[in-house]
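To start, the structure under review is shown below, and the notes come after it.
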2 protein chains.
Amino acid sequence: MPPLDFEGHKLDHVADLKSPQCRNCDIVREIAFCADLSQDEVKRLATVRCHAALPASYTIFREGDVVDHVYSISNGAVKLYKLLSDGRRQIIGFLFSGDIFGLGTHDGYCYTAETITPTHLCRFTHRKLDSLLEEIPRLERRMFSMAVKDLVAAQEQMLLLGRKTAKEKVATFLIQLSLRAEKAGMPTSSVALPMSRADIADYLGLTIETVSRTFTQLKRDNYIGLPASGHCVLNDWRALKDLAEGA
Amino acid sequence: MPPLDFEGHKLDHVADLKSPQCRNCDIVREIAFCADLSQDEVKRLATVRCHAALPASYTIFREGDVVDHVYSISNGAVKLYKLLSDGRRQIIGFLFSGDIFGLGTHDGYCYTAETITPTHLCRFTHRKLDSLLEEIPRLERRMFSMAVKDLVAAQEQMLLLGRKTAKEKVATFLIQLSLRAEKAGMPTSSVALPMSRADIADYLGLTIETVSRTFTQLKRDNYIGLPASGHCVLNDWRALKDLAEGA
DNA sequence: CGCTCAATTGACGCGCATCAAGAGTAGTGG
DNA sequence: CCACTACTCTTGATGCGCGTCAATTGAGCG
């Protein structure tokens, strides 16, 4: 994938503010950034945002890049990952509609962000967002509580990576996706798997082969069904949850 | 260890505000909470704090407990951990002087906090701290940036747990302690190891035996020296760092 | 000195990685 | 529409790193 010039707005997939998907963006941002903001505050926020549509497997920024923007996903899916020098990869998180990413330190972003599917993003510069934070104290609260939420999830993932078996890891992953689907108002008994086996493996600290074998095993034991690639049916949610928690 | 009544102030190790170590607490809090607060703001903060001295291996709160306080370590060492139902444990972090802990969600604390060594703590109720956050916006900024710092560290630890070998894990751990010592103004070539091998193992997603063997191996290869229990000398910082990063 | 518990060391086994082959699956162009 | 290509995914055979089990050594403490 040649690096298209997204940051410089020359990418031909970039949509402008008048495009149809921007209305959708407004809706989604209600969920994410602005759930408890007033109409005026939402409008003020809208003045500093920028919208873009990106293809699949598109690198949004790399670990170490200067931190200049915060991103909000309108729709699509994004993965965040860190690399070791020899290419070993750890996926930090999968993000979907309504999720925010782009926090970092003065050393730059601490992970690489890449689209999984074609994705619509909203983007805010840190500079403009900072001045907004002065204006709207509740926005700061909201950013804080989202960072705490991410922190709690990261700690849960540390338990998974350090102490769970392959079977428990995959079960936990499916439960996570199911809970996520529930929050988005989707059915919990069937989850979409837009990411590849390689992505799942790098998220769970396993290899592609082990992930594949574990899926097969869970299917054989009737925990799940795999009707089509990219989809998974959870036959017994409770049993899968117990498996995920090592019971 | 019988559970002493710390929360009800009946613990005989609890020190009051006039005790000598409280002056120390003021100094340390300069580093932690209040680095950029005014004298008045620091004094205001002092009105809502409560101080306690705890013995080693003392459980401060448990995963799932109602979130009512935020804690700041004056001196000593604390470990945070999560448990699976069958007893498998993952240590989320080791905390030292100046560190803050006690964030959580409405579901309660998401980890258990336990002292490693005898420890002096400052404690703030969430309720009082919340009202302070209204008064002192900069305090909210500070809490936010500390949550981000924790998040970045958690993501780095995910890379360690998911993708590093035992040798790389132990090397990374020693480098972490060394960098921490540097920030505290201590020499980087020698680090204190107040925690047990079991704690180190549960932090790195290994067993006691593997940690022990890896220390022995690093010593044999002259990366480190182990002059006395609880101490480790880093003979070649750069080489250890390269090892930690998988080079 | 002797008790207790942490740490080390050794022997062995297992879960997951590695290596390798085969079976879908999707995109491409004639 | 089908062949061709390039993947991704699955499945099998084998190996290794780390876990498990067990015994010994060492350190702190009354």
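Below, chains carry the letters A, B, ... as their sequence lines are ordered, and counting in each starts from 1.
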**Request:** Nearest-nucleotide wise, let me know which of A:R163 and A:T210 is further upstream toward the 5' end of DNA chain D.
**Result:**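 With A:T210 and A:R163 compared, the 5'-side residue is A:T210.
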**Request:** Would you sort out whether A:F101 and A:Y111 count as a ring-ring contact (aromatic ring centres under 6.0 Å, His included), showing the intermediate values?
**Result:** CA-CA 10 Å; A:F101 61 100; A:Y111 45 72; 7.4 Å; no
If I take atom [atom1] in residue [X] and atom [atom2] in nucleotide [N], what distance separates them, rounded to the nearest angstrom?
X	N	atom1	atom2	value
A:L204	C:dC16	CG	P	12 Å
B:L226	C:dT8	CG	P	7 Å
B:L206	C:dG15	CG	P	18 Å
A:Q217	D:dG12	CD	C1'	15 Å
B:M195	C:dA6	CE	C1'	15 Å
A:K219	D:dC9	NZ	P	15 Å
A:L193	C:dT25	CG	P	15 Å
B:K169	D:dG17	NZ	P	14 Å

Heavy-atom donor-acceptor pair, [X] side-chain to [N] base, under 3.5 Å:
X	N	result
B:E209	D:dC18	no
A:R213	D:dG12	yes
A:R197	C:dT25	no

Counting the atoms with a prime plus P, OP1 and OP2 as sugar-phosphate, which does [X] contact under 4.0 Å by heavy atoms, base, sugar-phosphate, or nothing?
X	result
B:T165	sugar-phosphate
A:S196	sugar-phosphate
B:G205	sugar-phosphate

**Message:** Between A:S189 and A:L234 (side chain of the first, backbone of the second, donor and acceptor by atom type, cut-off under 3.5 Å), is there such a pair?
**Reply:**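 It does not hold such a pair.
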**Asked** Can you check whether A:I208's main-chain N or O pairs, donor with acceptor, with A:R213's side chain at less than 3.5 Å?
**Response**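 Side chain of A:R213 to backbone of A:I208: no pair is present.
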**Item:** Pair A:L121-A:I73, side chain to side chain contact (heavy atoms under 4.5 Å, CB included): steps then yes or no
**Value:** CA-CA 5 Å; A:L121 291 179; A:I73 302 176; 3.8 Å; yes
**Item:** Carboxylate-amine/guanidinium proximity below 4.0 Å for B:K241 and B:E245
**Value:**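 Answer for the salt bridge query: yes.
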Just N and O in the side chain of [X]: are any of them under 4.0 Å from OP1 or OP2 of [N]?
X	N	value
A:T207	C:dA17	yes
B:T216	C:dT8	no
A:S212	D:dT10	yes

**Aromatic plane relationship, B:H51 with B:H120 - under 30° parallel, 30 to 60° tilted, over 60° perpendicular** =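 Rings of B:H120 and B:H51: parallel, as their planes differ by under 30°.
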**Prompt:** So, B:Q176 and B:Q157: side-chain donor and acceptor under 3.5 Å apart, yes or no?
**Reply:**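 There is such a pair between these side chains.
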**Message:** Need to verify one output field. Residue with the more 5' nearest nucleotide on DNA chain C, B:V211 or A:V211?
**Reply:**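 Closer to the 5' end of DNA chain C: B:V211.
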**Message:** Here's one to test your reading of the geometry: is the NZ or CZ of A:R180 within 45 degrees of the ring axis of A:F94 and under 6.0 Å from its centre?
**Reply:**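 Output no; distance or angle outside limits.
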**Message:** Roughly what angle, to 10°, lies between the helix axis at the start of the helix from C:dC1-D:dG30 to C:dG30-D:dC1 and the one at its end, five pairs per end?
**Reply:**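 If I round to tens, the end axes sit 40° apart.
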